[in-house]
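These notes are about the structure you will find just below.
We number each residue from 1, following the sequence as shown.
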Amino acid sequence: MPTAATEWSVYLLECRSGALYCGIAVDVYRRFAAHAAGKGARFTRMDPPVRLLLVEPCPDRSSALKREFEIKRLSRASKLALVADAASDAMIVEQDEPQPTA
């Protein structure tokens, strides 16, 4: 059982059919494995996930649930734009890291 200090995350999966699935978890990678093994939500048992698109850390379960609700209300195009924005932010972070010298 997660403790109060546990960091929750919201995640977005792409399923085999191309559908997007949003959920929350403390350990997103373990949850993804459960979905992929057919042990997750009913939705992903019928349409298994093929890749993890987005992980957004949240300070607590309540915040994660609120953010999940916000994401679920977005259109597919808006969800994909959210993924693209997160990917571009990640690329900026990678570029800011010091590069190894030869």
Side-chain angles (χ1 to χ4, degrees):
M1 184 80 183
T3 64
T6 303
E7 184 177 272
W8 286 80
S9 295
V10 178
Y11 61 91
L12 191 63
L13 304 175
E14 180 182 11
C15 296
R16 185 172 40 201
S17 70
L20 302 177
Y21 176 83
C22 185
I24 68 167
V26 171
D27 185 342
V28 173
Y29 301 100
R30 184 178 63 176
R31 186 69 177 143
F32 177 79
H35 284 303
K39 308 256 187 230
R42 183 182 312 162
F43 184 92
T44 58
R45 285 195 305 264
M46 301 302 290
D47 192 5
V50 292
R51 65 183 174 146
L52 183 61
L53 297 176
L54 178 72
V55 177
E56 284 188 9
C58 297
D60 54 40
R61 186 172 188 266
S62 177
S63 299
L65 285 167
K66 289 174 186 172
R67 182 62 178 146
E68 177 190 26
F69 182 74
E70 290 172 0
I71 292 172
K72 284 184 173 185
R73 295 191 65 188
L74 295 175
S75 67
R76 178 180 175 80
S78 296
K79 289 174 188 173
L80 293 174
L82 184 66
V83 170
D85 288 345
S88 67
D89 289 346
M91 289 190 311
I92 291 169
V93 172
E94 290 174 4
Q95 291 173 354
D96 290 343
E97 292 179 14
Q99 298 299 317
T101 57

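- In this structure, Cys15 SG and His35 NE2 are separated by 8.5 Å, a value rounded to the nearest 0.5 Å.
- Atom CD1 of Ile71 sits about 11.0 Å away from atom CG of Leu20, to the nearest 0.5 Å.
- Residues Pro57 and Glu7 come closest through the heavy atom pair CB-OE2, 3.4 Å.
- Val26 and Leu52 fall into different hydrophobic clusters, where Ile, Leu, Val, Met, Phe, Trp and Tyr are joined by side-chain heavy atoms under 4.5 Å apart, directly or via other members.
- At most 12 heavy atoms of other shown residues, nucleotides or ligands fall within 6.0 angstrom of atom CZ in Arg61.
- Nearest heavy-atom pair across Ala64 and Cys58 is CA-SG, 3.6 Å.
- One distance of note links OG of Ser78 with CZ of Arg73; it measures 12.0 Å at 0.5 Å rounding.
- Residues Leu65 and Trp8 have side chains not in contact (no heavy-atom distance under 4.5 Å, counting atoms from C-beta outward).
- Linking Ile, Leu, Val, Met, Phe, Trp and Tyr residues whenever their side-chain heavy atoms come within less than 4.5 Å leaves Phe69 and Ile24 in two separate clusters.
- Under the 30°/60° scheme for interplanar angles, the aromatic rings of Tyr21 and Phe43 are found to lie parallel.
- The structure places CG of Leu54 at 10.0 Å from CG of Asp85, a figure rounded to the nearest 0.5 Å.
- Using a cutoff of 4.0 Å between basic side-chain nitrogens and carboxylate oxygens, Lys72 and Glu68 are scored as salt-bridged.
- The SG atom of Cys22 sits 10.0 Å away from atom CD of Glu70, with the distance rounded to the nearest 0.5 Å.
- In this structure, the side chains of Glu14 and Val83 stay at 4.5 Å or more apart for every pair of heavy atoms.
- In this structure, Arg16 contributes its side chain and Val50 its backbone to no donor-acceptor pair below 3.5 Å.
- Taking both residues in full, the closest heavy atoms of Arg31 and Lys39 are given as NH1-O, 4.4 Å, listed atom of the first, atom of the second, then distance.
- Leu53 is connected to Leu74 through a chain of hydrophobic side-chain contacts under 4.5 Å among Ile, Leu, Val, Met, Phe, Trp and Tyr, so both are in one cluster.
- Remark: Phe32 CZ to Thr44 OG1 distance equals 10.0 Å, nearest 0.5 Å.
- When the side chains of ILVMFWY residues are joined at heavy-atom separations under 4.5 Å, either directly or via intervening members, Val28 and Val10 end up in two distinct hydrophobic clusters.
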